[in-house]
Amino acid sequence: MSDEAVSLELLRAPVGTHDLMPGESDRWIALLAMFARHAQLYGYGLIQTPLFEDVRLFKRGVGTETEVVGKEMYEFEDRGGRAMALRPEGTASVVRAFLQARPTPPFRAWYAAPIFRYERPQAGRYRQHHQVGVEVLGISDPDVDVEVLGLAIDYLTGLGLQGFTLRLNSLGDGACRPQYLEALKAYLHDHERELCDVHAEKIDRNPLRILDCKTESCRSVSVSAPSMADALCDDCATHFERVTEGLEAGGISFLLDKRLVRGLDYYTRTCFEVTFDLGDGELTLLAGGRYDGLVEVLGGPPTPGIGFGSGIERVLLACDQQGVFDIPSKSPVVYVVDTTDGRAARDLVAEFRAGGIEAERGYGNRSMKSQFKTADRSGARFAVVIGERELEAGTVTIRDLRGDDEQIVIVRSEALKYLSDRSITAPEGSS
RNA sequence: GUGGGUAUAGCUCAGCUGGUUAGAGCGCCUGGUUGUGGUCCAGGAGGUCGCGGGUUCGAACCCCGUUACUCACCCCA
């Protein structure tokens, strides 16, 4: 490869990653604030865990048979020879942090974090994507399931999204799932030749996946396959009933989806997904469930857990499609135009900023016309002008760029007060 | 990992069956009297036509390779 080709590649973000640029990021800030607000209402505190962990954490917690861990992890060896991995999902790290700090349960945490999976990018799928999510540890009460789902729905609704579907299922637990899996495997082996090529060989390794397959052949087999929902033990059945009852009581609509399964091994009992219809296909905006065995698997005391993760990029994609949550990028309130030597602009923006007013200015000796052009494009509400006349008179000219061409001249020392009185909020975008 | 589509100016794209100095819109810069943006007018800057090789008198255009982007499958937020 030539040096030129190399340098061009260095100018690109790595495959499947994207830069979040100023302008677009205002929308992210608003989304995170929205999620943080709802999470706080439900009693969650922010948690931040490392971007990478010992690879064994994920292998043991998430499961080596899963695609996410088996084929899609970003693994690397650090300089000390330790096998590490960029986190491919959010839950394992939170549980690890919980076990390390040992706070008294119940433990509730929310997070916003980049997630890494080595896969081919496409619409709504990236090698680095970002999730907001929550985890609750230490409560097995089905009411927590209802609360977690309530938070998820509140968050999406708060963004203005509508028309998404909450899908719900129960995966059973250690008492009933093993028996069910045996029954399912037996059934699938009986119909082995009807399954699609991809799944025919997965019967013993990951039978649940087959229920999720969309091909005609698998679908027709799975329709009459035994379902977990019908094989739940009494405890699981009761739990699930309380969850659906709670959702109904809370006015949260959901769809019972007996074929819903999850790609990660640790889920038990309640599992769910929020999907969004994109016209030609569905997008999963949020997914999660209960994982009552995970803490133990990772070496901790028996501790129930539940949580979800929601892909920020996907949620924003859905917002785009519905034309909601369209947050304009931030503009300054005032733009200082200085056609003298710039000293007045230097002092004025400093004064305005100290007074809490977002201020920008022009640099270099550009013409008044071009500075005004820049002021307009900046989206500023006011232009504050310092020219020879103002400099001599100790005044400033203030022009309302978004109103009816009002322009006044006031003494310089009153500029801050004048602007403060009139600029509670910046105008949205440039006109 | 598999398959399809695409790659021309900062952005969105035209470039007829290969034929002179590669175009448009938007954006950007400058000007249209004296200190004023958002409309209008004039001018200007800006391109290794993704990269490498081949065919040809001649390639943005045809062929091969390669990289990236994109969509889909697997899987997933």
Side-chain angles (χ1 to χ4, degrees), chain A residues 1-18 62 66-72 88-91 112-133 152 196-199 202 206 209 212-215 261-264 273-276 280-288 308-318 335 337-340 362 366-391 397-407 409 427 429-431:
Chain A
M1 189 182 291
S2 73
D3 288 349
E4 256 179 303
V6 169
S7 71
L8 281 173
E9 259 176 58
L10 289 179
L11 296 180
R12 282 215 153 80
V15 174
T17 69
H18 293 277
V62 180
T66 62
E67 296 265 332
V68 165
V69 164
K71 302 171 52 177
E72 300 181 349
E89 57 92 54
T91 302
I115 305 287
F116 304 85
R117 289 178 197 169
Y118 193 89
E119 52 190 347
R120 287 286 280 270
Q122 58 185 277
R125 164 182 297 169
Y126 312 103
R127 287 189 175 176
Q128 176 178 342
H129 76 277
H130 301 78
Q131 293 185 9
V132 290
C196 72
D197 299 340
V198 205
H199 283 113
K202 282 196 180 176
N206 206 342
R209 277 256 70 85
D212 206 30
C213 183
K214 290 149 207 112
T215 61
V261 300
R262 312 262 62 247
L264 314 181
E273 260 181 35
V274 174
T275 57
F276 182 82
D280 62 339
E282 282 193 333
L283 194 65
T284 300
L285 301 183
L286 181 152
F308 69 76
S310 173
I312 295 178
E313 288 88 349
R314 287 188 179 183
V315 166
L316 289 178
L317 206 61
Y335 191 97
V337 171
D338 182 349
T339 56
T340 62
R366 301 213 301 147
S367 69
M368 182 151 302
K369 182 189 178 95
S370 80
Q371 288 195 54
F372 257 90
K373 213 167 217 167
T374 311
D376 181 54
R377 279 198 310 264
S378 78
R381 161 107 189 261
F382 298 102
V384 172
V385 185
I386 290 276
E388 298 297 340
R389 292 205 292 268
E390 287 84 356
L391 201 60
T397 297
I398 299 180
R399 183 177 175 85
D400 187 343
L401 295 172
R402 311 297 151 196
D404 304 322
D405 285 0
E406 288 172 50
Q407 183 164 313
V409 178
S430 56
S431 55

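Below, read A as the first sequence line, B as the second, and so on, with proteins coming before strands; counting in each chain starts at 1. It should be emphasised that the depicted structure is a prediction, and the values quoted were computed from it without experimental measurement.
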(message) If I pick the C1' atom on B:C49 and the same atom on B:C40, what distance separates them, to the nearest angstrom?
(response) 34 Å
(request) Inspect the contact between A:D338 and A:R366 and indicate whether a charged nitrogen and a carboxylate oxygen are less than 4.0 angstrom apart. (result) no
(message) For a 4.5 angstrom cut-off between non-hydrogen side-chain atoms, does A:S310 reach A:Q131?
(response) no
(request) Kindly indicate whether the side chain of A:R120 and the base of B:C76 share any N or O donor-acceptor pair separated by less than 3.5 Å? (result) no
(message) Any base atoms under 4.0 Å from A:A375, or only sugar-phosphate, or nothing? Heavy atoms, all strands.
(response) nothing
(message) As an exercise, state the distance from CZ of A:R389 to OG1 of A:T339, rounded to the nearest 0.5 Å.
(response) 9.5 Å
(message) Taking pairing as Watson-Crick or G-U wobble with both contacts under 3.5 Å, can you name the mate of B:U70, or confirm there isn't one?
(response) B:G4
(request) Pick base, sugar-phosphate or nothing for A:G124, based on heavy-atom distances below 4.0 Å to the nucleic acid. (result) base
(request) Figure out the CE/C1' separation between A:M368 and B:U33, and round it to whole Å. (result) 16 Å
(request) Answer yes when A:E273 and A:R262 have at least one side-chain N-carboxylate O distance shorter than 4.0 Å, and no when they do not. (result) yes
(request) Go through the steps for A:E89 and A:R117 under the test side-chain contact (heavy atoms from CB on, under 4.5 Å), then give the verdict. (result) CA-CA 9 Å; A:E89 57 92 54; A:R117 289 178 197 169; 4.1 Å; yes
(request) Considering only atom C1', compute the distance from B:U66 to B:U6 and round it to an integer number of Å. (result) 15 Å
(request) Go ahead and name the base partner of B:G25; Watson-Crick or wobble counts if both distances stay under 3.5 Å, otherwise write none. (result) B:C11
(request) For B:U21 and B:C64, measure between their C1' atoms and round to the nearest Å. (result) 31 Å
(request) Hey, which sits more toward the 5' end of RNA chain B by its nearest nucleotide, A:D400 or A:H18? (result) A:D400
(message) Please pick, from B:A77, B:C29, B:A72, the nucleotide with the shortest atom-to-atom distance to any side-chain atom of A:T284.
(response) B:A77
(request) Classify the side chain of A:D376 versus the base of B:G37 as yes if they form a donor-acceptor pair under 3.5 Å and no if they do not. (result) yes
(request) Would you mind reading off the distance between A:I398 atom CD1 and B:G37 atom P, rounded to a whole angstrom? (result) 19 Å
(request) Classify the side chain of A:R402 and the base of B:G38 as holding, or not holding, a donor-acceptor pair under 3.5 Å. (result) no
(request) Pick the P atom in B:A60 and in B:G54, then give their distance to the nearest Å. (result) 15 Å
(message) Suppose we call a contact any N or O donor and acceptor under 3.5 Å apart; does that hold for the side chain of A:R117 and the base of B:A77?
(response) yes
(message) So A:Y126, base contact, sugar-phosphate only, or nothing? Heavy-atom distance under 4.0 Å.
(response) base
(request) Would you indicate which nucleotide in B:C73, B:G35, B:G37 comes nearest to any side-chain atom of A:R399? (result) B:G37
(request) For A:E67, report the nucleic acid contact type (base, sugar-phosphate, nothing); a contact means any heavy atom under 4.0 Å. (result) sugar-phosphate
(request) Would you tell me if any nitrogen or oxygen in the side chain of A:Q122 comes within less than 4.0 Å of OP1 or OP2 on B:C73? (result) yes
(message) Does the structure show a Watson-Crick or G-U wobble partner for B:A45, both distances under 3.5 Å? Name it, or say none.
(response) none
(request) Have a look at A:L283 and say if it touches a base, only the backbone sugar-phosphate, or nothing, with a 4.0 Å heavy-atom cut-off. (result) nothing
(message) If you go through the side-chain atoms of A:R377, does one of them form a donor-acceptor pair with the base of B:G38 closer than 3.5 Å?
(response) no
(request) Whole angstrom is fine here: how far is it from CZ in A:F308 over to P in B:C76? (result) 19 Å
(message) Does A:R127 reach a base, just sugar-phosphate, or nothing at all? Heavy atoms under 4.0 Å.
(response) nothing
(request) Round to the nearest Å and state the distance from A:F372 atom CZ to B:C29 atom P. (result) 16 Å
(message) Base, sugar-phosphate or nothing for A:S310? Non-hydrogen atoms, less than 4.0 Å.
(response) nothing
(message) A:H129: which residues meet the ring pair (Phe, Tyr, Trp, His ring centres under 6.0 Å) condition with it, sequence neighbours left out?
(response) none
(message) Using heavy-atom distances to pick each residue's nearest nucleotide on RNA chain B, tell me which of A:K71 and A:A287 is more 5'.
(response) A:K71
(request) Quickly work out the A:R366 CZ to B:G31 C1' distance and round it to whole Å. (result) 15 Å
(request) Write down the distance separating the C1' atoms in B:A7 and B:U12, rounded off to the nearest Å. (result) 14 Å
(message) Only pairs with both distances under 3.5 Å count, Watson-Crick or wobble alike; so what is the partner of B:U55 in this structure?
(response) none
(message) Regarding A:V15, tell me which of base, sugar-phosphate or nothing describes its non-hydrogen contacts under 4.0 Å with the strands shown.
(response) sugar-phosphate
(request) Both distances under 3.5 Å, Watson-Crick or G-U wobble: report the partner of B:A77, or none. (result) none
(request) Return the minimal non-hydrogen interatomic distance between A:L285 and A:R314, and the atom names on each side. (result) CD2-O, 3.6 Å
(message) If the cut-off is 4.0 Å, is A:K369 near the phosphate of B:G37, judged by side-chain N/O to OP1 or OP2?
(response) yes
(request) Would you mind classifying the nucleic acid contact of A:E390 as base, sugar-phosphate or nothing, using non-hydrogen atoms under 4.0 angstrom? (result) base
(request) Give one of base, sugar-phosphate or nothing for A:Q407, where a contact means two heavy atoms less than 4.0 Å apart. (result) base
(message) Tell me the interatomic distance from A:E406, atom CD, to B:U36, atom P, rounded to whole angstroms.
(response) 20 Å
(request) Compare all side-chain heavy atoms of A:L401 with those of A:F382 and state whether any distance is below 4.5 angstrom. (result) no
(request) Mind calculating the distance between NZ (A:K373) and C1' (B:G37) to the nearest angstrom? (result) 8 Å
(message) Rounding to an integer number of angstrom, what distance separates B:G10 and B:G46 when you compare their P atoms?
(response) 11 Å
(request) Determine, stepwise, if the pair A:V385 / A:F372 fulfils side-chain contact (heavy atoms from CB on, under 4.5 Å). (result) CA-CA 9 Å; A:V385 185; A:F372 257 90; 3.7 Å; yes
(request) Please state the P separation for the pair B:C71 and B:C28 - nearest whole angstrom. (result) 29 Å
(message) Taking only the P atom of each, what is the distance from B:A9 to B:U67 in whole angstrom?
(response) 22 Å
(request) Any strand is fair game: report the nucleotide pairing with B:C61 by Watson-Crick or G-U wobble, both distances under 3.5 Å, or none. (result) none
(message) Rounded to whole Å, how long is the line connecting atom CD1 of A:I312 with atom C1' of B:A77?
(response) 10 Å
(request) Scan A:T374 against the nucleic acid and name what it touches under 4.0 Å (heavy atoms): base, sugar-phosphate only, or nothing. (result) nothing
